[in-house]
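Read the numbers this way: they start at 1 and go in the same order the structure lists the ligands and their atoms.
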Amino acid sequence: MAKIISGKELSAKLKADMAAQVAEFPEKYGRVPHLVVILVGDNPASVSYVTGKAKASETVGIKNTTIRKPETISEEELLSLIRALNEDDSVDGILVQLPLPKHISESKVIETISKAKDVDGFHPLNVAALWQKEDCVLPCTPKGIIKMLKAAGVGINGKRAVVIGRSNIVGLPVAKLLLDENATVTIAHSRTENLAELTRQAEILVVAIGRPKFVTADMVSEGTVVIDVGVNRDAETGKLCGDVDYAEVEPKASVITPVPGGVGPMTICCLMENTIECFLAKH
Ligand code: GUN
């Protein structure tokens with residue numbers, strides 16, 4: 001029986017602590033932090049994530065403005081909106097929900113957000129700072145994963161960690177954060193040969209490949225710590241499921257994160273933390 005790390009419970013505790021902190025801001029700084037979230041189009045998953053971000057903001061006492069734009073918005077119009085928000089002193093954090101429609105360049109959008117308001121930690125200057133071990137806003141999902149491991153008492157120092165997935169949002173930055181905690185890190189992906197042989201050597205396995213129930217029991221060893229970043233729909237049941245076949249893998253794992261209620265809530269929690277960090281950096 002694995003120990004289950006509830007991201008839902010841990011994030012609730014962390015958000016309560018942040019709420020107490022933010023409650024003092026009006027007196028100390030004259031206002032609360034302000035996060036602006038931009039959603040282009042109406043992708044159901046993105047709508048759900050953006051709603052979650054607004055709810056968490058309310059819990060923590062952060063002002064949230066969600067700006068919805070149609071799928072047809074031009075790249076220039078979106079970039080102009082971001083530039084205006086960069087100039088607006090009442091705005092501390094800007095998040096553009098990804099993915100964006102094909103006619104809009106994600107990298108141009110990310111580069112246009114001011115580094116100081118980049119609560120996602122996606123701006124090239126923040127990415128560079130992460131890889132140079134300088135102070136920076138850390139990407140929310142990787143930051144949340146490290147917090148979960150630490151809260152569960154998982155020692156990372158000297159451990160063999162395997163990350164499946166090499167995205168800019170999760171795979172690469174979580175590998176770097178694990179490396180900074182002195183894990184020995186291997187990044188695997190869809191083209192990795194003999195993947196199961198590799199993942200069976202992992203003491204910590206982080207899965208962010210975006211394929212439902214991709215990691216099966218034969219791919220993990222007894223006692224592995226399993227972090228499941230996936231959010232997928234199970235084709236058979238229509239229910240949310242992760243990248244890990246939870247029913248199969250949980251009995252072998254020593255520690256595991258559920259989907260839903262695992263990494264997802266921690267990502268949002270870290271977004272709140274990053275918004276507060278950006279606010280405090282200004283004050
Ligand atoms: N889409 C999926 N995850 C994320 C995230 O962490 N930030 C943004 N901006 N978009 C996302």
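Remark: Lys143 engages Glu273 in a salt bridge, criterion side-chain N to carboxylate O under 4.0 Å. Of the charged side-chain nitrogens involved, at least one lies within less than 4.0 Å of a carboxylate oxygen, so that Asp92 and Arg31 count as a salt-bridged pair.
Under 3.5 Å, the side chains of Lys159 and Asn182 contain no donor-acceptor pair of N or O atoms.
Taken from CD1 in Ile5 to CG in Asp228, the straight-line distance is 11.5 Å, to the nearest 0.5 Å. Taking CG from Leu35 and OG from Ser57, the interatomic distance works out to 5.0 Å, rounded to the nearest 0.5 Å.
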May I have a table of the N/O to N/O pairs between ligand 1 and the protein that fall below 3.5 Å, each row giving the two atom names and the distance to 0.1 Å?
unit_1, atom_1, unit_2, atom_2, d
ligand 1, 1 (N), Gln97, NE2, 3.2
ligand 1, 1 (N), Leu98, O, 2.9
ligand 1, 7 (N), Asp120, OD1, 3.0
ligand 1, 7 (N), Asp120, OD2, 3.4
ligand 1, 9 (N), Val96, O, 2.9
ligand 1, 9 (N), Asp120, OD2, 2.7
ligand 1, 10 (N), Leu98, N, 3.0

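Classified by interplanar angle (parallel below 30°, tilted 30° to 60°, perpendicular above 60°), the ring pair Phe25/Phe279 is parallel.
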